[in-house]
Every structure is written in C-alpha cells, then in structure tokens.
Amino acid sequence: MKFKVDSRAVNKMFNQLAEMPELVMKQTYTIYRNNTPIRSGNAKNRTKLENKLRIGGRYPYAGRLDEGWSKQSPKGMTEPSLKALDGFIKNYINRVT
C-alpha cells in the first residue's frame, strides 16, 4: 500500500495551527473581561491582554475577585475563561484539520 502526503496542505495546516494561540487568547480575553465584575469599572479597565498570550489584571484585588469575592462573578474570571478556552482550542483544531 502506498500513499502520498500533500506537503502543501500539511504546511498550510501547520501555519494555521501556529496562529491558534493568539486567536484563541483574543476570544478568551473577551470572556474574561465579560466575567470581570463592575463596581467602579477599575477592574475591567485595568484587565489587559498582554503580549497577545497573557491576560493580566493590574489592580490589587484581582486575586479576591478571581476567588469569587464578588456576587457579580461568583466563579471568578479564570474558571469560566479556561472552560471557554478549551472549547475555542477544540473548535479551532477541528476547523483546521
């Protein structure tokens, strides 16, 4: 049995997969910000997507909010974001392959 690999298609797929981290983090950042409680707006305004691959909350009470301190976001921001990230990755891989 012989088979031939289309190297062009394989290279295209690898290039698309290389773009995946930045694209899924953009989507995850949206989920994270949507789950960030709003009282004064400080937390939401100081939550940024840093270096395209890291979400940073630059305010002193970020940990407390993420532990569910606010009634607006009892599961915090990270837990729902990680669940969404998992789905974004699966969807992206299914679309590419």
Side-chain angles (χ1 to χ4, degrees):
M1 174 183 256
K2 288 185 175 186
F3 64 93
K4 185 176 180 178
V5 174
D6 182 355
S7 61
R8 210 172 355 168
V10 171
N11 287 335
K12 180 181 176 186
M13 184 173 51
F14 279 120
N15 288 336
Q16 289 174 326
L17 288 173
E19 296 170 352
M20 181 182 62
E22 286 184 26
L23 295 174
V24 298
M25 279 306 291
K26 281 182 184 178
Q27 294 173 302
T28 304
Y29 171 68
T30 301
I31 299 298
Y32 192 95
R33 274 188 51 101
N34 288 341
N35 281 295
T36 302
I38 302 170
R39 189 166 113 198
S40 67
N42 185 55
K44 198 168 250 194
N45 290 334
R46 297 190 71 183
T47 299
K48 305 290 181 198
L49 183 60
E50 302 169 348
N51 299 327
K52 299 180 183 179
L53 296 175
R54 182 175 183 264
I55 299 170
R58 302 289 181 197
Y59 48 97
Y61 50 94
R64 289 183 74 183
L65 288 182
D66 200 31
E67 292 169 356
W69 181 62
S70 171
K71 290 179 183 178
Q72 290 180 19
S73 189
K75 291 187 177 184
M77 296 86 69
T78 300
E79 184 181 326
S81 298
L82 288 176
K83 286 181 181 179
L85 175 64
D86 208 26
F88 295 147
I89 291 171
K90 287 176 184 174
N91 289 340
Y92 192 88
I93 289 172
N94 287 336
R95 194 175 73 222
V96 169
T97 56

Counting only N and O atoms by type, is there a donor-acceptor contact under 3.5 Å from the side chain of [X] to the main-chain atoms of [Y]?
X     : Y     : answer
Lys71 : Gly68 : no
Tyr32 : Gly56 : no
Arg46 : Arg58 : yes
Tyr92 : Gln16 : yes

How close do [X] and [Y] get, heavy atom to heavy atom, and via which atoms?
X     : Y     : result
Asn34 : Lys44 : CA-NZ, 4.2 Å
Tyr59 : Thr47 : CE2-OG1, 3.6 Å
Ile31 : Ala84 : CG1-CB, 3.9 Å
Leu53 : Met25 : O-CE, 3.6 Å

At what distance, to the nearest 0.5 angstrom, does [atom1] of [X] lie from [atom2] of [Y]?
X     : Y     : atom1 : atom2 : result
Asn11 : Asn15 : CG    : CG    : 6.5 Å
Lys48 : Arg33 : NZ    : CZ    : 6.5 Å
Leu17 : Ile89 : CG    : CD1   : 11.0 Å
Ile93 : Phe88 : CD1   : CZ    : 14.0 Å

With a 3.5 Å cut-off and sequence neighbours excluded, list the donor-acceptor pairs that the side chains of residues 73-80 form with protein atoms.
from: Ser73; atom 1: OG; to: Asn35; atom 2: O; distance (Å): 2.8
from: Ser73; atom 1: OG; to: Gly76; atom 2: O; distance (Å): 2.8
from: Thr78; atom 1: OG1; to: Asp66; atom 2: OD1; distance (Å): 3.1
from: Thr78; atom 1: OG1; to: Asp66; atom 2: OD2; distance (Å): 2.6

*asked:* Looking only at side-chain N and O atoms, does Tyr61 offer a donor or acceptor that is under 3.5 Å from a partner on Asn42?
replied: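 Side-chain D/A pair, Asn42 to Tyr61: present.
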
*For atom CG of Asn51, is the number of surrounding heavy atoms from other residues, nucleotides or ligands below 6.0 Å larger than 12?*
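No, the 6.0 Å shell around CG holds no more than 12 heavy atoms from other groups.
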
_Other residues, nucleotides and ligands only: do more than 12 of their heavy atoms fall within 6.0 Å of CZ on Arg39?_
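At most 12 heavy atoms, drawn from other residues, nucleotides or ligands, come within 6.0 Å of this atom.
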
*Single-linkage hydrophobic cluster, 4.5 Å side-chain cutoff, Leu85 and Val96 together*: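 Per the 4.5 Å side-chain linkage, Leu85 and Val96 are co-clustered.
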
